[in-house]
Amino acid sequence: MRILRKLGVVYLFILHMLFAFVLVKSNFIEEVGYKLGVSTAPELSVYYERIATYHSRIDGNVPEGASLFIGDSITQGLATSAIANLSVNYGIGSDTTLGVLNRIPRYKSVSRAGSIVLAIGVNDLRRRSNEEIVTNYEDILGLLPEDTPVVVSAILPVDERVQRVVPSNKRILRVNKLIRELVRKYNNVTFSDAGGGLRGSDNNLKSNFHVGDGVHLNYEGYQVLIRELRRTLDNA
């Protein structure tokens, strides 16, 4: 009996260690923190590095003149070919301006891109001030070729009625105003704001445009974003 008890203790210890290992290697803790609005996980997560590695494998085969879409989960779920036939999706869920700054130098395809679409910032609102976000945006634009058309997509509205822990739409509007003012300094950069077609009279993301979490777009929401990005990119 004593031996069986010891074996049971060892088994439980190994089981707990394996469970802890799985949690550390995944982005489960970060996702829970995100849902609760108290993320303490590293900004450049294991998940971020994994997807960025896949991107590096894609990068060498990206043809000249392709449109690059760089952003967070909204971009990751975007059918970029509905906007530009020759396109590459470099979206990473939960990414921030810091993550984009870190990975743009890895993309050699940036130097031969026909156009670049940036859609980043909503996840920054938990981590840095409005001014810091804009400073990071300025640093990002400084890494892109000056002769390549760049479209900066506004931070989209959220549904505060559902996602109460997310930053307010009032703050999103303020940050977008600062980003728009920054964009005006560049001849090759255009600001695109699909928010007007997505928000209701109360400034919330309309419930029929998101999947139920107040942030991520559904089919109808993506249709609005696609139309606006296509229009802006065609005129860029």
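Heavy atoms only: backbone and side chains are in, while hydrogens, waters and symmetry mates are out.
Residues Val158 and Phe209 do not share a hydrophobic cluster, clusters being chains of Ile/Leu/Val/Met/Phe/Trp/Tyr side chains in contact below 4.5 Å. When the side chains of ILVMFWY residues are joined at heavy-atom separations under 4.5 Å, either directly or via intervening members, Leu178 and Val122 end up in a single hydrophobic cluster. In the hydrophobic clustering of this structure, Leu182 groups with Leu143; members are Ile, Leu, Val, Met, Phe, Trp, Tyr whose side-chain heavy atoms approach within less than 4.5 Å, directly or through other members. In the hydrophobic cluster analysis, where Ile, Leu, Val, Met, Phe, Trp and Tyr join through side-chain heavy atoms closer than 4.5 angstrom, Ile74 is grouped apart from Tyr47. Under the 4.5 Å side-chain heavy-atom criterion for ILVMFWY residues, a single connected hydrophobic cluster contains both Ile104 and Tyr186.
Within a 6.0 Å radius of CD in Gln223, more than 12 heavy atoms belonging to other residues, nucleotides or ligands are found. At most 12 heavy atoms of other shown residues, nucleotides or ligands fall within 6.0 angstrom of atom CG in Asn85. Crowding of Asn187 atom CG: a count of heavy atoms from other residues, nucleotides or ligands under 6.0 Å not exceeding 12.
Annotation: the span from Thr53 atom OG1 to Arg106 atom CZ amounts to 6.5 Å, rounded to 0.5 Å. Within the model, atoms CG of Leu173 and CD1 of Ile155 stand 10.0 Å from one another, a figure rounded to the nearest 0.5 Å. Note that CD1 of Ile120 is 7.0 Å distant from OG1 of Thr97, once rounded to the nearest 0.5 Å. If you take CZ on Arg128 and OG1 on Thr135, they are separated by 10.5 Å, rounding to the nearest 0.5 Å. The distance from the OH atom of Tyr222 to the CG atom of Leu78 is 6.0 Å, given to the nearest 0.5 Å. Interatomic distance, CZ of Arg174 versus CD1 of Ile172, reported as 10.5 Å (0.5 Å rounding).
Looking at every heavy atom in both residues, Ser87 comes nearest to Ala84 through OG-O, 3.0 Å. Ser73 approaches His216 most closely through the heavy-atom pair OG-NE2, 2.8 Å. Annotation for Thr75 and Ala119: closest pair OG1-CB, 3.5 Å, computed over non-hydrogen atoms. Closest non-hydrogen pair, Ala154 versus Asp193, comes out as CB-OD1, 3.4 Å. Nearest approach of Leu156 to Ala194, heavy atoms of both residues: CD2-CB, 4.2 Å. Taking each heavy atom of Leu225 and Ser153 in turn, the nearest pair found is CD1-OG, 4.2 Å.
Annotation: side chain of Val151 is not in contact with side chain of Leu118 (no heavy-atom distance under 4.5 Å). Using a 4.5 Å heavy-atom threshold, the side chains of Leu233 and Val117 count as touching. Residues Ser111 and Thr148 have side chains not in contact (no heavy-atom distance under 4.5 Å, counting atoms from C-beta outward). Inter-residue side-chain proximity for Ile51 and His55 is flagged as met; some heavy-atom pair is nearer than 4.5 Å. Taking the side chain as every heavy atom from C-beta outward, Arg171 and Leu125 approach each other to under 4.5 Å. Counting heavy atoms from C-beta outward, Leu44 and Asn102 have side chains that approach closer than 4.5 Å. Lys170 places none of its side-chain heavy atoms less than 4.5 Å from the side chain of Asn203. Residues Val152 and Arg180 fail the side-chain proximity criterion, which asks for heavy atoms closer than 4.5 Å.
Under 3.5 Å, the side chains of Asn169 and Asn204 contain a donor-acceptor pair of N or O atoms. For the residue pair Thr96 / Glu43, a side-chain donor-acceptor distance below 3.5 Å is found, with atom types taken as modelled. Using modelled atom types, one finds a donor on one side chain and an acceptor on the other under 3.5 Å when comparing Arg103 with Tyr107. For the residue pair Thr80/Asn89, the side-chain donor-acceptor check at 3.5 Å is not satisfied. When only modelled atom types and interatomic distance are considered, His210 and Asn218 share no side-chain donor-acceptor pair under 3.5 Å.
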Would you tabulate the side-chain donor-acceptor contacts of residues 58-70 under 3.5 Å, counting partners in other chains and residues two or more places apart, or write 'none'?
{"residue": "Asp59", "atom": "OD1", "partner": "Tyr90", "partner atom": "OH", "Å": "3.2"}
{"residue": "Asp59", "atom": "OD1", "partner": "Lys108", "partner atom": "N", "Å": "3.4"}
{"residue": "Asp59", "atom": "OD1", "partner": "Ser109", "partner atom": "N", "Å": "3.1"}
{"residue": "Asp59", "atom": "OD1", "partner": "Ser109", "partner atom": "OG", "Å": "2.5"}
{"residue": "Asp59", "atom": "OD2", "partner": "Lys108", "partner atom": "N", "Å": "2.8"}
{"residue": "Ser67", "atom": "OG", "partner": "Ser115", "partner atom": "OG", "Å": "2.7"}

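Glu132 places a side-chain N or O within donor-acceptor distance of the main-chain N or O of Ser129, the cut-off being under 3.5 Å. Checking side-chain atoms of Gln76 against main-chain N and O of Ile92 turns up no donor-acceptor pair under 3.5 Å. Asn188 contributes a side-chain N or O that, together with a main-chain N or O of Pro145, makes up a donor-acceptor pair within less than 3.5 Å. A side-chain donor-acceptor contact under 3.5 Å links Arg230 to the backbone of Ala82.
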Full working for side chain to side chain contact (heavy atoms under 4.5 Å, CB included) between Leu144 and Val110
CA-CA 7 Å; Leu144 304 179; Val110 165; 3.9 Å; yes
Take Asp95 and Val100 through the test side chain to side chain contact (heavy atoms under 4.5 Å, CB included) and record every step on the way to the result.
CA-CA 7 Å; Asp95 200 13; Val100 171; 3.7 Å; yes
Under the salt bridge (charged side-chain N to carboxylate O under 4.0 Å, His left out) rule, what do Asp159 and Lys206 come out as? Steps first, then yes or no, please.
CA-CA 7 Å; Asp159 192 344; Lys206 291 181 180 179; over 6 Å; no
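Contact check on Arg184 versus Glu181 returns no salt bridge, with no Lys/Arg side-chain nitrogen under 4.0 Å from an Asp/Glu carboxylate oxygen.
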